[in-house]
Amino acid sequence: MNEGNSAEAFEAYVRHAMLMPHQPMVMMLDDKRARKNVLEKYAQDGFLVDPIAVGKGEVVKDLLGKYEEEKDRPPGLKEWDVWGAPKGSPGQSNWHPKKMEHE
């Protein structure tokens, strides 16, 4: 979500997900306290079943740090910092997911 540190857009998404006929699992790759609080509140109140919030920065850093060289990484972690689009394409800011995060 592109909303800085706030949680308004995320809360709208969560409310929409709660109303769907087959409620999806909510997985949030984020470490912003406001959005984690929204997720926690809806889970504690029983509106969400088994949501998960992952601070991907720490997780990825820990995983990548286990391998000294690119060639030693498992397939899902190879070329982790490579974009799937040509250099200079829109959306290549450091906070946007790169190709392997979508795989």
Side-chain angles (χ1 to χ4, degrees):
M1 306 233 148
N2 193 7
E3 60 178 333
N5 292 325
S6 67
E8 288 86 8
F10 178 67
E11 186 167 11
Y13 171 83
V14 168
R15 287 180 180 205
H16 179 74
M18 290 176 357
L19 297 173
M20 295 176 76
H22 302 286
Q23 190 182 101
M25 179 180 184
V26 177
M27 295 181 7
M28 179 178 71
L29 296 173
D30 199 341
D31 61 357
K32 301 296 184 224
R33 174 55 41 203
R35 289 188 283 275
K36 289 190 333 189
N37 288 345
V38 166
L39 197 64
E40 187 175 342
K41 179 177 180 352
Y42 281 101
Q44 286 177 347
D45 290 346
F47 294 112
L48 292 176
V49 178
D50 202 23
I52 185 169
V54 177
K56 70 178 182 172
E58 305 100 39
V59 173
V60 170
K61 195 181 295 182
D62 287 347
L63 283 172
L64 295 180
K66 292 180 180 181
Y67 305 96
E68 287 188 31
E69 297 185 37
E70 174 85 18
K71 67 178 178 60
D72 297 329
R73 293 179 184 173
L77 293 177
K78 288 185 180 180
E79 299 184 345
W80 189 259
D81 293 323
V82 176
W83 293 101
K87 188 174 181 163
S89 296
Q92 293 188 2
S93 298
N94 64 350
W95 61 86
H96 285 146
K98 296 183 174 103
K99 181 182 179 214
M100 291 310 293
E101 287 185 72
H102 291 291
E103 292 290 317

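By convention here, the first residue in the shown sequence is residue 1. These numbers were taken from a predicted model, which means no experiment stands behind them.
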Evaluate whether atom NZ of Lys78 has more than 12 neighbouring non-hydrogen atoms of other residues, nucleotides or ligands under 6.0 angstrom away.
yes
Pairs where residues 18-28 contributes a residue and the test salt bridge (charged side-chain N to carboxylate O under 4.0 Å, His left out) is met, not counting sequence neighbours
none
Least distance between heavy atoms, Ala7 atom then Val38 atom:
CB-CG2, 3.8 Å
Heavy-atom side-chain contact between Tyr42 and Val26 under 4.5 Å
no
Can Leu39 be reached from Met18 by stepping across I, L, V, M, F, W or Y side chains whose heavy atoms are under 4.5 Å apart?
yes
Donor-acceptor contact below 3.5 Å, side chain Arg35 vs main chain Phe10
no
Tightest non-hydrogen contact, residues Tyr67 and Asp72, listed as CD2-O, 3.3 Å
Taking the side chain as everything from C-beta on, heavy atoms only, tell me whether Trp80 gets closer than 4.5 Å to Arg73.
yes
Please check this pair: side chain of Gln92 against backbone of Pro86, looking for a donor-acceptor N/O pair closer than 3.5 Å.
yes
Quick one: do Glu11 and Arg15 make a salt bridge, cutoff under 4.0 Å?
yes
Counting C-beta onward and ignoring hydrogens, is there a side-chain heavy-atom pair between Leu48 and Gln23 closer than 4.5 Å?
yes
If we only count heavy atoms from C-beta on, is the Met28 to Ile52 side-chain gap below 4.5 Å?
no
Any side-chain heavy-atom pair of Met25 and Met27 under 4.5 Å
yes
Can you tell me how far CG of Leu19 sits from CZ of Phe47, rounded to the nearest 0.5 angstrom?
10.5 Å
Measuring from atom CG of Asn37 to atom NZ of Lys32, what distance do you get when rounded to the nearest 0.5 angstrom?
13.5 Å
Testing the basics here: between Pro51 and Ala43, what is the closest heavy-atom pair and its distance to 0.1 Å?
CG-CB, 3.6 Å
